[in-house]
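Just follow the structure's listing: the first ligand is 1, and inside any ligand the first atom is 1.
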Amino acid sequence: MTITSAMNELDRRLLMDRSVSGRSAVTMPSSDVPEQPLPQESLLRDDLPLPEVSQLEVIRYFSLLSQLNFSIDTNFYPLGSCTMKYNPKINDAMASLPGFGSIHPNQPSEQVQGAVQLMYKLQESLGDLTGLPGVSLAPLAGAQGEYAGLLIARAFHASKGDSGRTVALIPDSAHGTNPASAAMAGLDVVTVPSDAQGNVDVNALQELADERTAVFMLTLPSTLGLFEPSILEITQIIHDAGGLVYADGANLNALLGMVKLGDLGFDICHSNLHKTFSTPHGGGGPGSGPVMVTEELSKFLPEPVAEKSGDIFTLAKPTNSVGKINGFHGSFGILVRAYTYIRAMGRDGLKAVAENAIINANYIQSQLKDRYDLAADRFCMHETVLSAARQKRRDVKGLDIAKRLLDHGIHAPTMYFPLIVEEALMVEPTETESKETLDRFIEVMRQIDDEVSEDPEAVRTAPHTLPVTRLDEATAARKPYLRWQG
Ligand SMILES: Cc1ncc(COP(=O)(O)O)c(C=O)c1O
């Protein structure tokens with residue numbers, strides 16, 4: 001069922017408004033324990049406004065409500081920078097196996113050998129895919145992976161007695177979490193400008209890299225969806241200055257099986273398993289951002305790290321570990337999903353993921369570039385950054401176009417990011433979408449561009465068919481209405 005038809009059929013009354021006195025969704029079993037006196041009167045309330053509804057009413061209400069959400073399982077979701085791809089259901093089935101789903105993080109390793117073995121094998125796979133063999137699965141999000149990686153960089157320099165390295169060099173096109181993580185790790189952020197093509201300005205980098213440089217952080221592919229052509233030169237410049245090079249590999253979708261970050265000269269990276277490695281992403285669900293490092297840096301990894309001795313798997317603390325960055329071993333359910341995905345796809349399958357992600361993004365780019373400006377008119381990686389600058393001259397903004405897409409059952413792309421692109425619309429189709437879906441998206445985007453000329457008001461006031469139409473964005477953000485109040 002599409003969102004629109006679900007919505008049309010939806011009885012929009014809130015659960016409270018369906019309440020009929022005396023109606024109930026459950027029949028309580030008769031008590032088989034002796035009656036106990038109630039707590040003191042002042043602790044009891046009989047004025048709680050709880051809905052009195054039948055079980056069927058509750059099921060229908062929540063089922064209809066759930067269908068109002070855009071999700072990758074129901075709609076095309078071309079959200080740039082966030083890899084909202086289809087996540088095969090076998091991953092969930094594996095994560096639900098009792099031997100994985102019902103264990104407790106405090107159980108000793110001897111009792112959960114299968115789980116620790118899975119962690120060990122996932123470390124091996126991620127080390128192999130990135131070319132950075134030291135792996136800790138502990139970080140609970142991409143940003144926490146960054147933070148862990150930057151603590152490692154600091155610990156490395158401290159171990160050499162090099163206390164003057166306090167600067168993190170970060171390009172202006174970096175993902176927003178990069179400077180935030182660097183600041184949290186106690187580093188001073190210095191911005192590296194981009195050149196006219198959207199690449200790191202290598203001359204500026206050369207000027208900035210010096211004896212204060214602790215680390216250079218590079219999002220790869222860049223937030224413009226581009227591969228840095230001067231990558232080898234960049235890693236060399238930083239190494240010559242005595243710094244380390246960090247890859248933000250949150251979106252490895254474009255690189256899987258094609259190139260290893262370690263081979264490019266990176267010393268540290270993280271990757272978001274809740275994107276490329278197939279755990280549903282978005283909506284604030286659990287995340288996992290393992291950190292990968294060179295052999296030399298592996299002694300600084302956060303604990304725990306799964307190790308193997310003979311046939312026994314253990315969870316260990318590396319000798320110079322930066323310590324624990326959260327309570328337990330990482331988001332274990334996500335680790336199971338990622339391992340299942342890697343094994344199910346195999347080496348060739350993962351390479352095909354990257355190839356198709358890149359082909360799909362370039363297909364969209366090539367079919368829309370006569371109507372929408374491009375942030376950079378060259379081959380892109382897994383995502384293309386369009387600009388609605390041309391439409392803005394006709395008085396319609398990127399935001400309006402994104403809202404109009406919702407009327408066509410397509411989730412909005414990422415808007416106004418990266419900040420360096422005017423009216424940015426960042427589209428990542430992913431490898432899992434069919435040519436038919438891509439063609440439909442292209443057709444809708446072209447249709448909206450026609451509409452911008454012929455009936456701009458229809459675009460400016462979209463969406464028209466959703467249960468909630470155009471919101472006052474500022475009030476929605478500042479005064480969110482989060483719960484029903486009697
Ligand atoms: C390039 C990049 N780096 C880092 C992150 C941060 O990841 P998380 O949201 O899991 O902290 C993201 C998330 O969207 C990202 O796209």
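For atom 8 (P) of ligand 1, the nearest protein heavy atom (residue, atom name, distance) is Gly142 N, 3.5 Å. The nearest heavy-atom contact from the protein to atom 11 (O) of ligand 1 is Ala143 N, 2.9 Å. Of the protein's non-hydrogen atoms, the one nearest atom 3 (N) of ligand 1 is Asp248 OD2, 2.6 Å. At the top of the distance list for atom 7 (O) of ligand 1, counting protein heavy atoms only, stands Asn272 ND2, 3.0 Å.
Each of the atoms 3 (N), 4 (C) of ligand 1 lies under 4.0 Å from some heavy atom of Glu146. Remark: ligand 1 atoms within the under-4.0 Å shell around heavy atoms of Ser81 are 14 (O), 16 (O). The ligand atoms of ligand 1 that sit less than 4.0 angstrom from a heavy atom of Thr219 are 1 (C). Each of the following atoms of ligand 1 lies closer than 4.0 Å to a heavy atom of Cys82: 14 (O). Those atoms of ligand 1 that come under 4.0 Å of a heavy atom in Asn251, given as number and element, are 1 (C), 16 (O).
Residue contacts with ligand 1 include Lys275, since one or more of its heavy atoms lies under 4.0 Å from the ligand. Not a single heavy atom of Gly287 lies less than 4.0 angstrom from ligand 1. Ligand 1 lies nowhere less than 4.0 angstrom from a heavy atom belonging to Gly289.
For Asp73 and Lys89, the salt-bridge test passes: some basic side-chain N is under 4.0 Å from an acidic carboxylate O. A salt bridge links Asp400 and Arg470; the closest N-O separation between the charged side-chain nitrogens and carboxylate oxygens is under 4.0 Å. Ion pair Asp188/Arg212 not flagged as a salt bridge, since none of the NZ, NE, NH1 or NH2 atoms sits closer than 4.0 Å to an Asp/Glu carboxylate oxygen. At a threshold of 4.0 Å, the pair Asp449-Arg390 does not count as salt-bridged, since none of the basic side-chain nitrogens sits closer than that to a carboxylate oxygen.
At a heavy-atom distance under 4.0 Å, no atom of Thr223 approaches ligand 1. Only the side chain of Ala250 comes within 4.0 Å of ligand 1, judged by heavy-atom distances.
Of the inter-residue distances, the one linking Leu471 atom CG with Lys403 atom NZ reads 5.5 Å to the nearest 0.5 angstrom. Distance check, rounded to the nearest 0.5 Å: CG of Leu335 to CZ of Phe100 gives 10.5 Å. Rounded to the nearest 0.5 Å, atoms OG1 (Thr213) and CG (Leu208) are 7.5 Å apart.
Applying the side chain to side chain donor-acceptor pair (under 3.5 Å) test to pairs two or more places apart or on separate chains, none has a residue in residues 131-142.
By the 3.5 Å distance cut-off applied to N or O atoms, Ala141 is not counted among the residues near ligand 1.
Ring pair Phe417/His175 is perpendicular by interplanar angle, where above 60° counts as perpendicular and below 30° as parallel.
Between Phe441 and Phe76, a ring centre-to-centre spacing shorter than 6.0 Å is recorded.
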